[in-house]
Amino acid sequence: MKSLRLIFGDQLSQDISSLKDCDKSNDFVMICELMEEATYVKHHKKKIAFLFSTMRHFAEELETEGYQVRYIKLDDENNTCSFSGEVERAIKANVIEQIIVTSPSEYRVLQDVQSWEKRFGIPVEVRLDDRFLCNLDEFSTWAEGRKQLRMEYFYREMRKKHSLLMNGDEPEGGQWNYDSENRKPPKNKLVIPETYHSKPDIITQDVLRLVAEQFSDHFGDLEPFHFAVTRDQALAALQQFIEQRLSQFGDYQDAMIENEPWMYHSHISFYLNCGLLLPLECVKAAEQAYNEKKAPLNAVEGFIRQIIGWREYMRGIYWLKMPEYAKQNFFDAKRKLPDLYWTAKTKMNCLHNCVKETRKNAYAHHIQRLMVLGNFALISGINPTYVNEWFLIVYADAYEWVELPNVSGMILFADGGYLANKPYASGGNYINKMSDYCKKCKYKVSQKNGIDACPFNYLYWDFLARNRDKLSSNYRIGMMYKTYDRMDNDKKSAIEQDSKRFLSSLYDQKS
Ligand code: FAD
Ligand code: DLZ
Ligand code: SF4
């Protein structure tokens with residue numbers, strides 16, 4: 001049966017299930033650059049360029065392997081701009097008897113796919129995405145009957161299932177988790193290796209021109225552009241991380257240094273999420289480095305946990321809880337997103353740097369996303385819809401399946417604690433301990449109230465006071481109310497007044 005194998009932009013792997021049993025002489029593969037996908041939220045320019053260039057390189061690889069590829073460029077005259085439109089056009093242009101896809105990673109796109117059989121009158125086979133280590137049925141069986149989920153228990157199951165860092169039934173080193181060793185503050189004079197740099201070839205240069213022309217009003221810097229855009233390059237980026245940064249990954253996982261956006265992180269999320277790298281090969285490479293004594297256990301365990309634990313856990317929750325998950329707003333947060341998230345214009349040095357680097361690189365590391373950008377959105381009471389939209393736009397690794405649970409679940413606690421056991425709210429002390437941002441800030445981190453005080457300090461308490469009814473019974477954060485209750489009335493009123501003043505000035509760019 002002649003089939004159309006549609007490959008979505010984040011499925012760029014020759015091992016993808018939709019290519020299995022493909023009859024190269026009869027079937028054809030379709031990949032499309034689509035205006036609708038690039039603009040349903042206005043993605044960062046670098047993210048669009050990365051995906052288009054990677055898609056074009058992947059199509060070329062498939063052709064070399066003998067596949068018949070129908071590649072639709074953004075500026076093809078008859079491009080209909082949407083997946084459905086392109087499927088319809090392909091059906092009209094070829095005699096197709098069935099459509100085969102690997103299940104799309106996003107709920108929105110799956111809805112589309114599920115309408116095609118009826119709409120086009122031919123069978124549509126939706127295959128499992130077996131790039132992930134935990135399939136969705138397995139996850140929902142694990143989650144069944146649990147009122148709250150905890151990543152740590154899921155992670156242990158995954159360690160056992162894939163026999164990673166295991167000694168028989170016991171975890172390597174006797175402990176499952178070495179996170180407590182992974183919180184070293186930054187030291188002066190750390191030597192941080194460069195992130196991976198590819199040199200833009202002709203394909204990438206063409207894409208850069210196209211993106212500059214078509215998406216000039218989107219957020220972010222297009223150049224310099226140095227992401228890997230082929231599997232070989234992505235493997236080289238992984239190897240570079242294993243050799244140059246993994247050994248320090250654990251120690252400085254939570255550290256932030258001004259003008260050091262990449263730290264010792266791996267910078268592979270873009271490649272993992274679009275299919276250039278597979279999760280198991282990344283964690284096995286790290287395990288091998290440990291076995292060869294090239295990296296310590298705390299670093300390797302931490303890295304493996306992020307990928308087989310957090311990444312899979314986020315995906316499981318997304319599919320278990322969509323579409324309701326996108327609408328959750330536990331704190332009933334109402335504020336708009338302030339312009340500083342786009343302009344980086346703020347006196348708060350931590351936020352200024354994190355937005356500036358995001359704009360330049362389409363990347364910020366986890367603690368910048370969590371404890372600076374996310375924490376501020378949480379304690380300022382910004383509506384989850386706006387926060388989610390921003391995070392989906394600005395990062396080259398952002399797709400709803402992973403962005404939404406991180407934002408709504410992990411930082412905004414918008415699901416009321418289904419995914420995380422407490423909101424990651426914090427005052428300025430944490431940022432001061434884990435970064436050097438406060439040294440150059442106009443605000444004073446040691447000051448708790450008043451015009452010069454670090455806004456995180458009073459906003460934190462104001463957030464707790466505003467949400468007392470929802471948080472005082474939380475066993476991880478509830479005890480903070482005892483501290484709040486011991487404050488005298490003048491102090492409480494200063495917290496409230498400072499927060500009111502600051503939050504009302506947030507929208508006139510003076511803060
Ligand atoms: P490393 O720190 O080197 O970690 C290794 C890998 O572990 C990552 O590449 C990633 O695949 C995985 N990982 C680590 N933490 C998480 C996590 N919490 N959830 C899922 N995977 C994880 N990650 C995305 O891939 N896409 C997103 O859109 C995204 N949005 C986020 C939004 C917020 C508010 C927060 C707090 C986190 C978000 N993350 C997201 C998770 C994490 O910040 C990024 O995966 C990480 O910063 C990517 O950089 P890295 O490859 O250098 O990661
Ligand atoms: C994010 C994105 C962008 C910017 N452009 C495309 C595109 O042109 N073609 C495509 O197939 N996918 C693109 N994507 C990824 C999709 O928005 C979506 O996340 C995936 O198809 C998975 O559902
Ligand atoms: Fe950020 Fe406060 Fe430190 Fe300034 S003082 S950098 S606002 S934490």
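Order of appearance sets the numbers: ligands from 1, and atoms from 1 within every ligand. Since we're looking at a predicted model, the values are computed, not measured.
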Among protein heavy atoms, which sits nearest to atom 27 (C) of ligand 1, and what does the distance come to when rounded to 0.1 Å? Asp397 OD1, 3.3 Å

At the 4.0 Å heavy-atom cut-off, does Phe249 count as touching ligand 1? yes

Do me a favour and list the nearest non-hydrogen protein atom to atom 42 (C) of ligand 1 with residue, atom name and distance? His366 ND1, 3.4 Å

Mind telling me whether Phe270 and Phe227 have parallel, tilted or perpendicular rings, with 30° and 60° as the class edges? tilted

For Tyr443, counting its heavy atoms only, list the atoms of ligand 3 lying under 4.0 Å from any of them. 5 (S)

To the nearest 0.1 Å, how far is atom 3 (Fe) of ligand 3 from its closest protein heavy atom, and which atom is that? Cys438 SG, 2.3 Å

protein heavy-atom neighbour closest to atom 40 (C) of ligand 1 works out as Arg369 NH1, 3.5 Å

Evaluate whether atom NZ of Lys448 has more than 12 neighbouring non-hydrogen atoms of other residues, nucleotides or ligands under 6.0 angstrom away. yes

Should Glu389 and Ile393 count as side-chain neighbours, where that means a heavy-atom distance under 4.5 Å? yes

What is the closest protein heavy atom to atom 16 (C) of ligand 1, and at what distance does it sit? Trp310 CB, 3.9 Å

Looking at ligand 1, is there an atom of it that comes within less than 4.0 Å of some heavy atom belonging to Phe303? yes

Proximity winner for atom 5 (N) of ligand 2, if only heavy atoms of Glu400, His44, Glu37, Lys73 are counted: Glu37

Please tell me if the side chains of Met348 and Phe456 come closer than 4.5 Å, counting only heavy atoms from C-beta onward. yes

Regarding Glu86 and Arg89, does a basic nitrogen lie under 4.0 Å from an acidic carboxylate oxygen? yes

When you measure from the centre of the six-membered ring of Tyr71, is the NZ or CZ of Lys73 under 6.0 Å away and within 45° of the axis? no

Sub-4.0 Å heavy-atom approach of Met55 to ligand 2: yes

Nearest protein heavy atom with distance in Å, relative to atom 14 (N) of ligand 2: Leu51 CD1, 3.7 Å

To which protein heavy atom is atom 4 (Fe) of ligand 3 closest, and what is the distance rounded to 0.1 Å? Cys441 SG, 2.3 Å

Can the ring centres of Tyr107 and Tyr325 be said to be less than 6.0 Å apart? no

Can you report which non-hydrogen protein atom sits closest to atom 48 (C) of ligand 1, along with the distance? Ser269 OG, 3.2 Å

May I ask whether Phe52 has any heavy atom positioned less than 4.0 angstrom from an atom of ligand 2? yes

Check: Ile268 N/O within less than 3.5 Å of ligand 1 N/O: yes

So for ligand 2, is Gly9 a polar contact partner (N or O within less than 3.5 Å, distance only)? yes

Rounding to 0.5 Å, atoms OH (Tyr460) and CD1 (Ile495) come to a distance of 10.5 Å

Could you say whether the N/O atoms of Leu34 and ligand 2 ever approach to under 3.5 Å? yes

Any Arg108 heavy atom less than 4.0 Å from ligand 2: yes

So between Ser266, Cys282, Ala364, Ala398, whose heavy atom ends up nearest atom 28 (O) of ligand 1? Ala398

Of the protein's non-hydrogen atoms, which lies at the shortest distance from atom 6 (C) of ligand 1, and what is that distance? Ile307 CG1, 3.6 Å

Evaluate Tyr40 for polar contact with ligand 2, using N/O atom pairs at a separation under 3.5 Å. no

Ring pair (Phe, Tyr, Trp, His ring centres under 6.0 Å) with Tyr341: of Tyr386, Trp390, Phe391, only one passes, and it is Trp390

Tyr363 near ligand 1, heavy-atom distance under 4.0 Å? yes

Cys454 backbone or side-chain N/O/S under 2.8 Å from atom 3 (Fe) of ligand 3: no

Against the six-membered ring of Tyr395, is Arg369 placed for a cation-pi contact (under 6.0 Å from the centre, within 45° of the normal)? yes

Heavy-atom nearest neighbour in the protein, as seen from atom 33 (C) of ligand 1, with distance rounded to 0.1 Å: Asn406 CB, 3.7 Å

Residue, atom name and distance, where the atom is the protein heavy atom closest to atom 1 (Fe) of ligand 3: Cys350 SG, 2.4 Å

Is a salt bridge present between Lys360 and Asp221, judged by a nitrogen-to-oxygen distance below 4.0 Å? no

